[in-house]
Every structure is written in C-alpha cells, then in structure tokens.
Amino acid sequence: RSRTPKSADLGSGELTYGQPTRQDLGDNLVCVLIAQPLGPGNCELVARLEQSGKEVAVTRQSPAALDQPLHLAFGKTQVSLTPHIK
C-alpha cells in the first residue's frame, strides 16, 4: 500500500447532474464525482475516493463554481479538475 502523496489532474471534468462519474487515478484508486445543481454557475460536488472497490475517503465542495479550477484533498491524495456540466 503506497504512502506516497498522489496528485491527479483530471482536466475538464465532464459531469451530468445526479450521475456518478468515475475517474481512474491509477494505483487501484478511483475518484467518483457526483454533482447536484445549486444555481447559475454553481453546483454541489461530492467526491468519493475508492481503493480496490472500497470507499476510503469522501469530501464535499459546496458551492463549487462551474468551469473554474477546483482542488480536492483526500489526505495525501490531491485531485484537481474543472467541473463542467454536459
């Protein structure tokens, strides 16, 4: 099990409200993103970190600005993306 800090840049995260989007981070890590509408230009973003199919961390960003860079921290794992609604 790796203890090295991990950083992943997902670029433009194409999201659909209410639909989980799975992003493979490598090393058996997957980031699952779920966006809910909050109003013009904003969403609530729930992000789960899974390792080998088990949830290991969860974070929530509310509000999250659409089409603006966003940084999520799961302990030593950092995930960057620009949330975009399809």
Side-chain angles (χ1 to χ4, degrees):
R1 201 166 150 129
S2 171
R3 282 273 152 238
T4 314
K6 182 164 183 61
S7 178
D9 187 346
L10 303 178
S12 179
E14 294 286 321
L15 305 170
T16 302
Y17 286 136
Q19 297 291 319
T21 301
R22 298 178 67 81
Q23 302 281 343
D24 188 351
L25 306 181
D27 294 332
N28 289 319
L29 285 173
V30 175
C31 184
V32 182
L33 303 165
I34 303 172
Q36 298 295 345
L38 273 186
N42 287 302
C43 71
E44 175 184 72
L45 190 64
V46 176
R48 283 195 327 256
L49 190 65
E50 295 180 356
Q51 186 167 35
S52 303
K54 292 185 173 36
E55 184 179 296
V56 292
V58 66
T59 188
R60 182 172 76 105
Q61 187 76 30
S62 181
L66 297 175
D67 302 311
Q68 297 294 321
L70 177 67
H71 303 284
L72 304 170
F74 302 95
K76 292 181 188 272
T77 301
Q78 308 283 323
V79 176
S80 303
L81 73 146
T82 302
H84 177 75
I85 301 300
K86 289 184 198 175

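Everything numeric here is computed off the predicted structure, so don't read it as measured data. Counting begins at 1 with the first residue of the sequence.
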Pairwise side-chain contact, H71 with Q78, heavy-atom cut-off 4.5 Å (strictly under): no
Single-linkage hydrophobic cluster V32~I85, side-chain heavy atoms < 4.5 angstrom: no
Pairing residues for S52 by the side chain to side chain contact (heavy atoms under 4.5 Å, CB included) criterion, not counting sequence neighbours: N28
Side chains of T16 and T21 in contact at under 4.5 Å (non-hydrogen atoms): no
Expected output: side-chain K6 to main-chain L25 donor-acceptor under 3.5 Å: yes
For the student: nearest non-hydrogen atoms of A57 and F74, plus distance: CB-CD2, 3.6 Å
Contact check, side chains of L81 and L72, non-hydrogen atoms, under 4.5 Å: yes
Minimum-distance pair of heavy atoms, taken over all atoms of A65 and N42: CA-OD1, 3.5 Å
Closest contact, heavy atoms only, T82 versus D67: CG2-C, 3.4 Å
Close side-chain approach of L33 and V79, heavy atoms under 4.5 Å: no
I34 with L66, same ILVMFWY side-chain cluster at under 4.5 Å: no
Closest non-hydrogen atom pair, L38 against S62: CD1-OG, 3.5 Å
Shared hydrophobic cluster for Y17 and L10 (ILVMFWY, side-chain gaps under 4.5 Å): yes
Atom of Q68, atom of P83 and distance for their closest heavy-atom approach: O-CD, 3.3 Å
Side chain to side chain contact (heavy atoms under 4.5 Å, CB included) partner of V56, chosen from Q51, E50, R48: Q51
